[in-house]
Amino acid sequence: MATTAGMEEYETVRARIAGQFTTEKDIPKAIFSDPAIYREELKRIFRGHYWHMVAHRAELPEANSFKTFWLGETPVLLTRGEDETLRAFVNTCTHRGTLLEQRATGCSKEFECPYHRWLFSNKGNFIGGPGRRDFRSDFVAEDYALREFQVDEIAGLIFCSAAPQVGLEEWLGQCAGHVRDVMLDDGRLTLLGYQNAIFNANWKTYFDNDFYHAPLLHMGFRLLSWHGGQGEVRVEEPVGHFSVGYESSPYEDNGFLADPSLVEMKGADARARVVALRPAYVLTKHLDTISVRFVRPLGVDRTQVTYAFFGHESDSPEYQAHRVRQASNLLGPSGMITIEDAAVFNRQQMTSRDGGMSRFVVGVDRPAAEARQNDENGNTAGWAYYREVMGFDR
């Protein structure tokens with residue numbers, strides 16, 4: 001929880017910025033650089049009433065699998081029990097607050113705290129600890145179970161929330177179907193691997209991407225003649241999830257690639273989709289690359305993004321090898337059509353303390369239901385909800 005002093009500091013900052021933050025079309029740059037705002041986001045967003053995408057079932061491939069991750073500054077332990085139930089807990093021993101499990105993934109029925117050897121089941125129950133006969137007189141084992149999050153799932157993707165939340169389908173709205181598109185409808189995916197990147201940028205700078213920039217910034221789109229298409233766009237209000245679906249155009253060899261097989265479409269599913277889920281998560285399917293991006297803010301101006309790449313259970317070994325090669329070269333942090341993003345995020349963050357504004361102009365006067373592929377009104381819908389959550393007065 002925020003301290004009284006911290007809350008007073010945020011109220012001061014909020015009062016100062018509210019006069020500038022009068023519309024979701026014009027964003028004060030201080031939103032991306034003020035430490036008090038960042039601390040309040042950890043409380044209201046990462047420990048608040050949001051669903052956060054945390055894993056895919058392929059990362060927990062068998063009973064008793066687990067994965068650790070962070071929601072802001074809160075460590076989380078996700079488990080898949082012998083009963084196949086998914087559970088998520090604060091990854092903290094309920095005795096003295098030590099980080100309980102530090103491995104990224106693994107398989108275990110129990111978790112032992114290294115400090116005093118307290119033991120917990122993968123259902124979160126306190127099992128026991130040394131010297132129990134001398135525990136305090138009011139000790140009740142049930143009171144020392146791991147703190148639990150709400151968990152829900154769609155097409156194999158796992159979400160959790162630190163605060164009571166509406167159902168995941170309701171939260172996603174129309175974008176629920178688009179999530180299924182990326183996950184090939186049945187969610188029966190296999191994990192191919194990860195790429196990690198740390199951007200010198202605020203987590204909102206990273207996420208506040210738009211479709212307008214893609215053919216303008218990314219040289220790869222132009223060289224491969226993948227720019228200029230019109231797709232099906234959805235903006236889900238009030239939260240501000242947005243997505244675009246389009247047909248992948250086959251690459252015609254124009255001499256830019258030494259090996260055009262890199263960007264071949266070898267599968268039968270030609271659907272392409274980019275889905276941006278508030279507050280900070282992105283799913284992409286382009287050609288044979290299926291990718292999910294998990295986001296962890298590391299501070300007001302540092303963000304870690306984990307790119308997870310997937311295949312399907314039905315893939316042949318040859319098709320799987322093609323997916324690995326295409327994924328690592330196409331849409332990762334140094335992919336040939338996304339590599340420029342990091343430089344732009346850095347350059348945006350470098351100017352975030354100049355007292356200026358970040359403005360949206362393309363298509364923002366159109367209703368969300370009439371959004372076009374290169375519009376910025378997917379961004380503005382999300383900012384309207386952010387203003388409400390963070391308590392900025394209209």
Side-chain angles (χ1 to χ4, degrees), residues 1-52 70-76 90 161-165 198-210 237-242 276-281 295-305 342 344-361 364 376-394:
M1 298 295 290
T3 64
T4 302
M7 194 62 193
E8 289 174 351
E9 181 184 0
Y10 178 67
E11 293 298 342
T12 301
V13 171
R14 181 170 64 175
R16 172 171 54 82
I17 292 178
Q20 297 174 282
F21 204 175
T22 58
T23 171
E24 52 271 15
K25 299 176 186 178
D26 301 304
I27 314 299
K29 286 186 179 180
I31 293 291
F32 302 97
S33 58
D34 192 290
I37 292 175
Y38 172 73
R39 289 193 296 270
E40 193 68 13
E41 289 169 348
L42 295 177
K43 172 187 174 184
R44 298 192 185 207
I45 294 177
F46 291 93
R47 295 199 303 272
H49 300 275
Y50 275 81
W51 281 110
H52 295 272
W70 295 77
L71 289 185
E73 294 181 354
T74 302
V76 182
V90 178
S161 178
Q165 182 57 282
I198 295 178
F199 298 111
N200 293 325
N202 183 267
W203 67 272
K204 300 185 299 302
T205 301
Y206 160 77
F207 183 78
D208 203 33
N209 227 336
D210 53 69
E237 296 179 304
V239 181
H241 311 306
F242 60 100
L277 301 178
R278 303 288 173 174
Y281 310 102
V295 176
R296 177 190 174 189
L298 298 176
V300 70
D301 57 2
R302 279 169 61 83
T303 302
Q304 177 178 311
V305 181
V344 167
F345 298 153
N346 187 37
R347 290 169 71 155
Q348 285 183 287
Q349 194 66 33
M350 289 169 66
T351 70
S352 62
R353 291 178 172 85
D354 67 7
M357 305 288 286
S358 176
R359 303 182 186 277
F360 298 99
V361 297
V364 294
E376 294 179 294
N377 56 1
N379 302 69
T380 55
W383 279 112
Y385 191 72
Y386 174 90
R387 292 172 61 216
E388 177 182 339
V389 169
M390 295 298 291
F392 288 98
D393 296 331
R394 289 185 175 275

- prompt: Ring centres of Trp383 and Phe32 under 6.0 Å apart?
  reply: yes
query: Can Asn377 and Phe242 be said to form a side-chain contact (heavy atoms from CB on, under 4.5 Å), step by step?
result: CA-CA 9 Å; Asn377 56 1; Phe242 60 100; over 6 Å; no
Under 4.5 Å between any side-chain heavy atoms of [X] and [Y], yes or no?
{"X": "Met350", "Y": "Asn200", "value": "no"}
{"X": "Trp51", "Y": "Arg278", "value": "no"}
{"X": "Ile27", "Y": "Phe360", "value": "yes"}
{"X": "Tyr10", "Y": "Arg44", "value": "yes"}
{"X": "His52", "Y": "Ser161", "value": "no"}
{"X": "Arg302", "Y": "Ile198", "value": "yes"}
{"X": "Phe392", "Y": "Ile17", "value": "yes"}

Give, for atom [atom1] of [X] and atom [atom2] of [Y], the distance between the pair rounded to the nearest 0.5 Å.
{"X": "His241", "Y": "Tyr385", "atom1": "NE2", "atom2": "OH", "value": "8.0 Å"}
{"X": "Tyr386", "Y": "Lys204", "atom1": "OH", "atom2": "NZ", "value": "4.0 Å"}
{"X": "Thr205", "Y": "Gln348", "atom1": "OG1", "atom2": "CD", "value": "5.5 Å"}
{"X": "Ser358", "Y": "Asp208", "atom1": "OG", "atom2": "CG", "value": "6.5 Å"}
{"X": "Ile37", "Y": "Arg14", "atom1": "CD1", "atom2": "CZ", "value": "10.5 Å"}

query: Should the pair Arg387 and Phe21 be classed as cation-pi, given the thresholds of under 6.0 Å to the six-membered ring centre and 45° from the axis?
result: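 Satisfied, under 6.0 Å and within 45°.
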task: Determine, step by step, whether Thr74 and Phe46 satisfy the side-chain contact (heavy atoms from CB on, under 4.5 Å) criterion, reporting the C-alpha distance in whole Å, the side-chain angles of both residues, the deciding distance to 0.1 Å, and the verdict.
output: CA-CA 8 Å; Thr74 302; Phe46 291 93; over 6 Å; no
Has [X] got a side-chain atom pairing as donor or acceptor with [Y]'s backbone, closer than 3.5 angstrom?
{"X": "Asn346", "Y": "Phe199", "value": "no"}
{"X": "Ser352", "Y": "Ser33", "value": "no"}
{"X": "Gln349", "Y": "Asn202", "value": "yes"}
{"X": "Thr303", "Y": "Ala201", "value": "yes"}

message: With a sphere of 6.0 Å drawn around CZ of Arg16, does it hold more than 12 non-hydrogen atoms of other residues, nucleotides or ligands?
response: yes
Closest non-hydrogen atom pair between [X] and [Y], with its separation:
{"X": "Val389", "Y": "Tyr50", "value": "CG2-OH, 3.6 Å"}
{"X": "Ala276", "Y": "Phe207", "value": "CB-CZ, 3.7 Å"}
{"X": "Pro28", "Y": "Met357", "value": "CA-SD, 3.7 Å"}

- prompt: Could Glu9 and Arg39 be called an ion pair, given the rule that one side-chain N must be under 4.0 Å from one carboxylate O?
  reply: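 Salt bridge present between Glu9 and Arg39.
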- prompt: Cut-off 3.5 Å, side chains only: do Glu41 and Trp203 have a donor facing an acceptor?
  reply: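 A pair is found: one side chain offers a donor N or O, the other an acceptor, under 3.5 Å apart.
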